[in-house]
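Okay, structure first, notes after.
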Amino acid sequence: MATNLPRRGTSWRTRAAATGRQERVGVVIVDHGSKREASNAQLLQFVDQYKRTSGRTIVEPAHMEIAQPDIQQAFERCVAQGATRVVVGPYFLSRGRHIQQDIPRLVKEAAEKFPGIQYRIADPIGTDPMLAQIIDAKVSAQLANMLEGETQEGVGP
């Protein structure tokens with residue numbers, strides 16, 4: 001049976017255009033959350049960077065626990081800005097308990113208030129080859145400092 005819909009694997013924008021639906025995607029970037037305000041502020045910096053890099057307009061930060069805004073608040077903010085779909089992007093490295101249990105439970109609870117809104121949870125950052133490049137750049141920078149005679153030990157700047 002032939003349809004006018006684009007095949008699976010095409011972008012969500014292409015599929016939305018083919019169906020005539022106006023899709024607005026909200027993104028929730030969620031980290032663990034911390035008692036340290038400086039740690040929580042890093043998520044806000046990353047969300048700003050993600051917005052600039054991705055060009056997405058509906059992007060909200062969330063902390064899984066300990067700090068605000070939480071996943072419920074971020075989900076609600078996306079919907080309030082007109083999101084018809086919400087994708088939660090975990091700012092986590094691995095598929096631990098938080099990714100497998102806690103975040104899915106919290107996202108499901110948030111989504112229950114908005115039955116018409118579709119949602120998904122993206123994979124955690126994982127072992128992407130770009131991470132190896134980033135770590136190597138940080139290691140190389142510290143090696144350069146050591147070779148220049150810097151005597152500071154511990155965490156770099």
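Side chains are part of it too, since the values below use all heavy atoms of this structure and drop only hydrogens, waters and symmetry mates.
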Quick check on the hydrophobic clustering: are [X] and [Y] connected, directly or via other members, by side-chain heavy-atom contacts under 4.5 Å?
X   : Y    : answer
I29 : L44  : no
M64 : V87  : no
F92 : V86  : yes
V59 : F114 : no
I71 : I66  : no

Any idea which heavy atoms bring [X] and [Y] closest together, and the distance?
X   : Y    : result
A83 : G26  : CB-N, 3.6 Å
P90 : I121 : CG-CG2, 4.0 Å
Q73 : P69  : OE1-CA, 2.9 Å
R56 : Y50  : NE-OH, 3.3 Å
A74 : V28  : CB-CG1, 3.7 Å
H63 : L43  : CE1-CD2, 3.5 Å

How long is the straight-line distance from [atom2] of [Y] back to [atom1] of [X], given to the nearest 0.5 Å?
X    : Y    : atom1 : atom2 : result
L131 : L93  : CG    : CG    : 6.5 Å
E76  : C78  : CD    : SG    : 10.5 Å
D136 : K138 : CG    : NZ    : 12.0 Å
S140 : L147 : OG    : CG    : 10.5 Å

Non-hydrogen side-chain atoms of [X] and [Y] separated by less than 4.5 Å:
X    : Y    : value
F75  : I117 : yes
V107 : Y119 : yes
L106 : E65  : no

Go through the steps for R85 and Q118 under the test side-chain hydrogen bond (donor to acceptor under 3.5 Å, both in side chains), then give the verdict.
CA-CA 5 Å; R85 294 180 182 200; Q118 295 181 334; 3.1 Å; yes

Flag if over 12 foreign heavy atoms under 6.0 Å of CZ, R105
yes

Within the 3.5 Å criterion, strictly below it, is a donor on Q81 or E60 matched to an acceptor on the partner's side chain?
yes

Tell me which pairs pass salt bridge (Lys or Arg N to Asp or Glu O under 4.0 Å) where either residue lies in residues 43-54, with sequence neighbours left out.
none

Tell me, with the steps shown, if H98 and H32 meet ring-ring contact (aromatic ring centres under 6.0 Å, His included).
CA-CA 8 Å; H98 293 319; H32 186 277; 4.9 Å; yes

Donor-acceptor pair, N40 side chain versus S34 backbone, under 3.5 Å?
yes

Give a yes or no on whether the backbone of Q72 and the side-chain of E109 come within a donor-acceptor separation of less than 3.5 Å.
no

